Every structure is written in C-alpha cells, then in structure tokens.
Number of protein chains: 2
Amino acid sequence: MGRNSDAKERILNSAIELIHGRSYTDVGVKDLCDHAGVKKGSFYHFFDSKKALILEALDRHYAAFRKHLQQKVFLSQQRPLDRFESLNMSLYRGHKKCKDQNGEVWGCLLGNLTLEMSTRDKEIQEALMKHLSDLQAMIGQTIKDAIDAGDLPSVDVSLASEAVLAHYQGLQLLAKLRNDPEVLVRHRLDIRIIVEGIAQGQQESRNQLN
Amino acid sequence: MGRNSDAKERILNSAIELIHGRSYTDVGVKDLCDHAGVKKGSFYHFFDSKKALILEALDRHYAAFRKHLQQKVFLSQQRPLDRFESLNMSLYRGHKKCKDQNGEVWGCLLGNLTLEMSTRDKEIQEALMKHLSDLQAMIGQTIKDAIDAGDLPSVDVSLASEAVLAHYQGLQLLAKLRNDPEVLVRHRLDIRIIVEGIAQGQQESRNQLN
DNA sequence: AGGATAGTTGACCGGTCGGTCTAGTCAAGG
DNA sequence: CCTTGACTAGACCGACCGGTCAACTATCCT
C-alpha cells in the first residue's frame, strides 16, 4: 500500500560514498540528501537519525565487503597463505580505483570510523567491533586452513589473526596518509611473514620448555 | 612590553588533550576556550584559526613524543631489536594510563588525525606526513643499528621501517577499537618478527638469483 | 608619568547543524 | 472510485559553529 521508491537505497549508498571520502561528522544530513537527490522529509521518513543511518549503512557496507572477500580471496583455490597476498592485491585494486576516480585514497571505511567514532559513540563502536571481529575470524579461518594443509605449524590463531588485522589497518592508514595505494603492493608479503613468524616463535618457546 | 600570560600554552595543551580524546571536528573553539579557561577573544589573539592551532599543537605534541621516545627507547642500551619490545611496553603504559584516567583508550593522536583529516585538509595531511615519516626514520635508524651490530642481515630499511610503522598504527587502532591497551602487550614480539622476516625473505630472494 | 604594546573581554555575526512538522502527492486494495 | 498509507516537499526550529570586533586592562620602556 502507498507509493514505493528506491530513495532509501540511494541514501544508504550516498552515506557509504560520502562518509568514506570525508568523515561522519563532516558529512551533514543536507549533503546526504543532495547527493541522494532527496529532501529532508524523505530522509527522516526512512531514518530516525543520522546515527541510525550510519549504523544501517555500516551493516550494508560490511556485508558487501565480506561477500566480495569471500568470493575473490578467502574461498579461492590458492594455498591458504597465498590468499593473503591476493588480499593485498585486492585491497590495492580498490584503493587504486578510488584514487583514479577521486584523486584520493580513502582508506578503509571501518578503520576510518574506528578512529573517528569509537571514543564518541558506544553503539557505533560496537558495530565496528562486530564487523572487524568478523573479519578477524575470516583471517583466523584461513590461518587454520594453512595449519590443516600442513603449510604452517600450529599457532595461537586469535593472536595471529589479530596481528594480521592490525597490519592491514596500518597499511591502509599509511596508504591514506601518503595518498599512495602502492603501499599495499610493497607489503604484499608482510602477512605471510607475520603468520609464519608468530608460528615459528611459538614453536621455539615450546621447545625451550622441553 | 605589554602584559604576558601562559594562555597560549594552556590553549595548546587543551587542544592536544581534547582532540586526542574526541576528534578535530568534534572539539569546538568554545570547548577549547572553556577547557583552557580563556575567552574567545584571547583564543583568536594567539591563533589565526582553529586550523592554525592544530598545526602548532601537532608540532608541539610530536616534539614531546619524539623526545620521550628517544630517551626511553631509541637511545637505550638494549640491543637494537630489543628496543621495539620496549617501544610496545612504553606505548602500552601510555594507553593504560589513559584508560585509567579517562576510562577510554584514545589511541595515537597522529593516527587518529590521519584518518580523520588527511582527505579533508592538505596542510594537516602534510604535517602528519612529516611527523610520521620522521618516526619512520627513527625506526629505520634502529634497524640500521641492528644490521651494524650484526644482529640482522642487511635489509631494505625503508620497506622494513614502513612495515613497522604500519604495524604500530594498526595495533593502536585495535587497542582503541576494543578499548584494550593489552593489545600492545600481546603483540610485543611482532615487530622483531616482522623485521627479521623481511630481512630473511630478502636474503632468500638474493640467493635465488645466484 | 605616560605612551606603546600585549593580552582580555564578551557581545555579536552569518551560516550551518541535526531534527521537526504540516501539507501534500502518488499508488495499491477493497 | 475512493480510502488508506507509504512517500515527498520544503519551510521552519533552536542550538551551535568558526570567526570578528571595539572597548578595556595590565605591564613594560622611555
């Protein structure tokens, strides 16, 4: 009943695009409406507040990002540890495309919002934590796959996956700072080094005990 | 001539404190003035704009941070590669103290501002780039020291130091996300693993060529 | 003593912020 | 066909934003 429209979709897409390129605080409801071709009345028909929008946009963005990674990286036929190099290259292509289109590397939306918002809004922080922990779990599964395939000695998976997630966030921060997507290429072997290094270190400390 | 006061100092300190805990955009000139116990007129007597303030505050903050690191970490008597573990613990103590005092981990001011501001203001981006590149150079010097001491095979110092800087930024991002300074402790051995791993990887690829 | 200078005060500015609200418009269901 | 209800339009709100300004006060130099 009543009319229907794709205005909500457009607002959600505009939110992801604009907030990724600027910041949550810097993008106003007016900006969102203009970019989505919508008036304020419609905005507040679909969303209770700007905050409700970012929460929904975040879920949608992460769902798409996760799906993309699953298909292109984590479920590929490569050996598990090789997938991380692919992940670097996949991120590289994303940042490169962003720079070609907008002249700027925007970095990781989740990382950007983490540093902007996690001391300012508990709910947003929790949403970011949920998504980044899910990403860490996907990384962890890949590490487990490597162990099962015999490519890696056993290792504390949650520690190693946390190190990997941190490294990716750091690389993307530097890519944004220097406006240079090539950071991801230069450091495409880092992740393998970290995972293997942590595993080896834990093996040695086990041997020392015996 | 004329009267003198420490108002400028107080404003600079307030800027570092408040912006570290919230964000550049979220902290208004009014907030700064209230926190520093100063009226708007005085603020604009000392600074042309909010942006001029952050630029000056950033220089001051980094100078103090750098001096602290030099004394406590980089010029210590430990073996070069052991200094990175000390750096982790030094950062840990800082974030722990911050959490005890404010209930929140605020992360790295330079990293926070990088993700918030580097697509929004070229001058601020350049200031951040300058300071973070200086930090990277200090890391690089420590890696060189390790090579000279015979503790590490020769390695592409700028690549390795970039990886180290990225990792520190990533660790601090996760510490802020999870409001947990212990991240720095859990990962205190990561840096050594990264530096040694990159060096070893480069050695192997040299051997392959021969 | 008395300029000259450095610092202080707080009212004021136009613009923008997130958010509200009332009056409409359009399309499907009965 | 006409009611119902989802959607749209845009004027409006008080609060706050960064920034300006003219009057004032304290201190140093001559």
Side-chain angles (χ1 to χ4, degrees), chain A residues 1-58 60 113 116-117 119-125 127, chain B residues 1-58 60 113 116-117 119-125 127:
Chain A
M1 230 172 247
R3 54 213 282 200
N4 42 14
S5 87
D6 62 345
K8 187 172 181 181
E9 306 290 316
R10 278 183 283 126
I11 296 170
L12 251 3
N13 291 334
S14 295
I16 293 166
E17 169 91 4
L18 293 182
I19 293 173
H20 195 179
R22 314 233 287 279
S23 77
Y24 176 76
T25 318
D26 196 40
V27 173
V29 175
K30 179 79 168 25
D31 298 319
L32 263 350
C33 291
D34 291 348
H35 189 271
V38 146
K39 294 291 187 289
K40 255 197 185 155
S42 294
F43 182 98
Y44 283 100
H45 172 73
F46 292 110
F47 302 100
D48 286 345
S49 65
K50 187 185 171 190
K51 178 175 155 182
L53 165 68
I54 186 67
L55 255 12
E56 197 166 334
L58 224 33
R60 167 177 294 242
L113 285 171
E116 185 191 355
M117 299 303 294
T119 51
R120 274 176 60 198
D121 189 293
K122 281 240 149 54
E123 280 185 73
I124 295 177
Q125 181 182 25
Chain B
M1 231 172 246
R3 54 212 283 199
N4 42 13
S5 87
D6 61 346
K8 187 172 180 181
E9 305 290 315
R10 279 182 282 126
I11 296 171
L12 251 1
N13 290 334
S14 295
I16 293 167
E17 169 92 4
L18 293 181
I19 294 173
H20 195 179
R22 316 234 286 279
S23 78
Y24 176 77
T25 316
D26 195 41
V27 174
V29 175
K30 179 79 166 27
D31 298 320
L32 264 349
C33 291
D34 291 349
H35 189 271
V38 146
K39 295 292 187 289
K40 256 205 184 146
S42 292
F43 181 97
Y44 284 99
H45 173 72
F46 293 110
F47 302 99
D48 286 345
S49 64
K50 186 185 171 189
K51 179 175 153 183
L53 165 67
I54 186 68
L55 256 12
E56 196 166 334
L58 224 34
R60 168 177 293 242
L113 285 171
E116 184 192 356
M117 299 304 293
T119 52
R120 274 177 60 197
D121 189 292
K122 281 239 148 56
E123 281 185 72
I124 294 176
Q125 180 182 26

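Note on naming: letters A, B, ... go to the chains in the order of the sequence lines (proteins, then strands), and numbering restarts at 1 for each one. These figures come from a predicted structure and were not determined experimentally.
Taken to the nearest 0.5 Å, the CG atom of B:Leu32 stands 6.0 Å off from the CD1 atom of B:Ile19. To the nearest 0.5 Å, atom OH of residue A:Tyr24 and atom OG1 of residue B:Thr25 are 12.5 Å apart. One finds the CZ atom of A:Phe47 at 11.0 Å from the CG atom of A:Leu55 (value rounded to the nearest 0.5 Å).
Here the C1' atom of nucleotide C:dC26 and the CG atom of A:Asn4 are 10 Å apart, to the nearest Å. Atoms CD1 (B:Ile11) and C1' (C:dA6) sit 14 Å apart, rounded to a whole Å. C:dT16 atom P lies 12 Å from atom CG of A:Asp34, rounded to whole Å. Look at CD on B:Glu9: it is 15 Å from C1' on C:dG7, rounded to the nearest Å. In this structure, A:Lys39 atom NZ and D:dA6 atom P are separated by 22 Å, rounded to whole Å. Across the protein-nucleic acid pair, B:His45 atom NE2 and C:dG7 atom P stand 4 Å apart, rounded to whole Å.
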task = Sugar-phosphate means primed atoms, P, OP1 and OP2; the rest is base. With that split, encode nucleotides 18-26 of chain D 5' to 3' as B, S or - using protein heavy atoms under 4.0 Å.
result = BBBB---BB
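Annotation: A:Lys51, atom NZ; neighbour count of heavy atoms from other residues, nucleotides and ligands within 6.0 Å is above 12. Within a 6.0 Å radius of CG in A:Asp6, more than 12 heavy atoms belonging to other residues, nucleotides or ligands are found.
Without hydrogens or angle criteria, A:Lys40 side chain to A:Val29 main chain gives no donor-acceptor distance under 3.5 Å. Between the side chain of B:Asp31 and the backbone N or O of B:Gly28 there is at least one donor-acceptor pair closer than 3.5 Å.
Using a 4.0 Å cut-off on heavy atoms, none of the residues of residues 13-23 of chain B approach DNA chain D.
By the 4.0 Å N-to-carboxylate-O rule, B:Arg22 lies too far from B:Glu116 to be salt-bridged with it.
When the nucleotides D:dT8, C:dC17, C:dT8 are ranked by their closest atom to the side chain of A:Asp31, C:dC17 comes out on top.
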